[in-house]
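Single-structure report; data block below.
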Amino acid sequence: MITNWAETSPDQRLVERITQLTEGRSDYWSFRKDARRQGFHGLIRYPAMMIPTMQSKLLEIVRAEHAGVRRVLDPFMGAGTMLTEVMEQGLDFAGYDINPLAILACKVKAGPFSTLDLKQRSDALLAQIAADTGRSYEASFDGMAKWFSKSTSIGLSRICRSIKQVEDLWTRQFYWLCLAETIRQCSNSRTSTYKLHIKPNDEESSNLASTIEIFKNTVSDNVSRVIVQNRLFSESGVIDAQGKYSGSLDINFQDVTTLNSDQVPEKFDLLFTSPPYGDNTTTIPYGQFSYLALNWIPAADICQSIPLNINKNTHSIDSASIGGSLKNSKIKAESLFEKSESFKEFFLGLGDEKSSHSKRLSSFCFDLHKGVEAFSKLMAPSGYMVWTLGNRSLAGQRVPLDKIVFELLEHHNIRRVAQFVRPIPSKRMPNRNKSSNTMDTEIVIIAGA
């Protein structure tokens, strides 16, 4: 069911289009049978990825009522679902994230890329790895021996040495992304969770041969994905023969809580995003997920502006993300009371303002508000925002994040347009404690500048 606040004709037509799609089909937005990840969408396994077909459809609907759309922003871009969908529709894109692995994934997807010799280059790379008999390590970090066997580290090191000799930056980035997936599969951490947990003793560890075989298979799969995506982009006429995209793409390492509108030369027509559902420590630990891979991949090959200490330990990325700092949580909470009645009611209902639940909620919402404040200043007149949100559980209660976000937007003169709930047919979520309930729905909210 769609909640409708539309008052102007463009808003009303937008809501009508969404309503027509969902009439008699309550699970339309689940995309239960169409959640495929073809082409670039399958290059990397990344936490809480958007459903490409859903975001594509929403982008088409909004563009139908906003013909002048050209610039799209995703301030929590993750592995780049929106980036790829925006490119397929030939629009300009800017995306932010604080996780270097997300930046790497998006730079690979942004290109420029060429499939003409990627297969041959990959064959040569694999031959070079096979010829390497060195046993020295290309990485050194605290806990390395815990997460990788000696033979696995030797195998990863041989792969790293060969990748470093590839001259073309985009091609190196492509292989580094393949290495990230290899590391996910061959480390001693369980693949059944995004958190770092040692595998059970009865689960077989990787060795040198299996590590290189995993990398070989990953490269083969991802070369095929690049070829598929190249065909899709070519059919849409959005890339040239050298794989260069026709529009503008701007991929940035950015803490959105410090984003200044002066950093952005031109305002955006659309914002499409899905922020974390709560602080990364207790919801989805993006930093933990990325920690091992980032210790093997040279930061300079990802982005020159990445701070050297962003991956200094398993929690540093998550601590730097929104809600990562619990300092002055009471002051943060009180500053939000006048901006969101829903936040105030839920926060006071928790009872103990000094509890970890209260501190995490106030810190997360405070940082999210700083982002909302910045985004509102980046929107062009008549622009739209589309947020995909999840109302997680905290202290056994469901956090009304959708209401909080709407009220924070309204505080900055962004109007409500519509909201609807989408069922999640299957979603890989972090382990929950007994007082928590796994989310089985997401809420999509649409707002207008």
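Fair warning: this is a prediction, and the values are worked out from it, not measured in the lab.
- In summary, Glu235 and Arg231 engage in a salt bridge, as defined by a charged side-chain N under 4.0 Å from a carboxylate O.
- Screening Met50, Met385, Gln55 for a side-chain contact (heavy atoms from CB on, under 4.5 Å) with Phe272, the sole residue that qualifies is Gln55.
- Side chain of Asp367 to main chain of Gly323: a donor-acceptor pair is present (N/O by atom type, distance under 3.5 Å, no hydrogens or angles).
- With a 6.0 Å radius and a threshold of 12 heavy atoms from other residues, nucleotides or ligands, Glu266 has its CD atom above the threshold.
- Contact of the Ile302 side chain with the Leu294 side chain is registered, since non-hydrogen atoms from C-beta on lie closer than 4.5 Å.
- Lys164 NZ: more than 12 foreign heavy atoms inside a 6.0 Å radius.
- In this structure, Glu181 pairs ionically with Arg184, as a charged nitrogen and a carboxylate oxygen lie closer than 4.0 Å.
- Within the 3.5 Å criterion, the main-chain N or O of Ala333 finds no donor-acceptor partner in the side chain of Ser362.
- Here the closest non-hydrogen pair linking Thr388 and Ser274 is O-OG, 2.9 Å.
- Between Glu85 and Lys57, no side-chain nitrogen of the basic residue sits less than 4.0 Å from a carboxylate oxygen of the acidic one, so the salt-bridge criterion is not met.
- Side-chain atoms of Ser30 and Ile424, non-hydrogen and from C-beta on, never get closer than 4.5 Å to each other.
- Ser340 contributes no side-chain N or O that, together with a main-chain N or O of Leu336, makes up a donor-acceptor pair within less than 3.5 Å.
- A donor-acceptor contact shorter than 3.5 Å is absent between the side chain of Arg422 and the backbone of Ile443.
- Judged purely by atom type and a 3.5 angstrom limit, Arg225 uses its side chain to pair as donor or acceptor with the backbone of Gly42.
- Between the side chain of Asp74 and the backbone N or O of Tyr96 there is no donor-acceptor pair closer than 3.5 Å.
- In this structure, Lys403 places its NZ atom where only 12 or fewer heavy-atom neighbours from other residues, nucleotides or ligands lie under 6.0 Å away.
- Using cut-offs of 30° and 60° on the angle between ring planes, the pair Tyr286 and Tyr46 is tilted.
- Distance alone, capped at 3.5 Å, places no donor-acceptor pair between the Lys107 side chain and the Gln173 backbone.
- Taking the six-membered ring where tryptophan is involved, the planes of Trp296 and Phe148 are perpendicular, since the angle between them exceeds 60° and thus also 30°.
- Taking the six-membered ring for Trp and thresholds of 30 and 60 degrees, Phe343 and Phe347 have nearly parallel ring planes, at less than 30 degrees apart.
- Cation-pi contact between Arg71 and Phe268: present, with separation from the ring centre below 6.0 Å and deviation from the ring axis of at most 45°.
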Between Trp147 and Phe141, does a ring-ring contact (aromatic ring centres under 6.0 Å, His included) hold up when you go through it step by step? CA-CA 10 Å; Trp147 299 112; Phe141 56 94; 9.3 Å; no
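- Ring to ring, Phe420 and Tyr28 are not that close: their centroids are 6.0 angstrom or more apart.
- Here the shortest heavy-atom pairing between Asp92 and Ser248 reads OD1-N, 2.8 Å.
- Under the ring-ring contact (aromatic ring centres under 6.0 Å, His included) rule, Phe113 has a single partner from Phe174, Tyr245, Phe40, which is Phe40.
- By the 4.5 Å heavy-atom criterion applied to side chains, Asn295 and Asn311 are counted as neighbours.
- Using a 4.5 Å heavy-atom threshold, the side chains of Leu73 and Pro75 count as touching.
- Salt bridge annotation for Arg415-Glu410: absent, with no cationic side-chain nitrogen under 4.0 angstrom from a carboxylate oxygen.
- Using a 4.5 Å heavy-atom threshold, the side chains of Leu394 and Leu361 count as touching.
- Contact detail for Thr218 and Cys178: the closest heavy-atom pair is CG2-O, 3.6 Å.
- In this structure, Phe366 and Ser329 have side chains that are not in contact, with every pair of non-hydrogen atoms separated by 4.5 Å or more.
- Side chain of Lys377 to main chain of Asn260: no donor-acceptor pair is present (N/O by atom type, distance under 3.5 Å, no hydrogens or angles).
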Set out, in order, the CA-CA distance, both residues' side-chain angles and the distance that settles side chain to side chain contact (heavy atoms under 4.5 Å, CB included) for Val72 and Asp269, then state yes or no. CA-CA 6 Å; Val72 182; Asp269 304 302; over 6 Å; no
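- Annotation: Tyr175 is not in aromatic contact with Trp170 [ring centroid separation under 6.0 Å not met].
- Ion pairing of Asp301 with Arg172 is present here, as a side-chain N (NZ or NE/NH1/NH2) and a carboxylate O approach within less than 4.0 Å.
- Glu353 places no side-chain N or O within 3.5 Å of a backbone atom of Ser358 that could act as its donor or acceptor partner.
- Here the side chain of Lys109 pairs a donor or acceptor atom with the backbone of Ala79 at under 3.5 angstrom.
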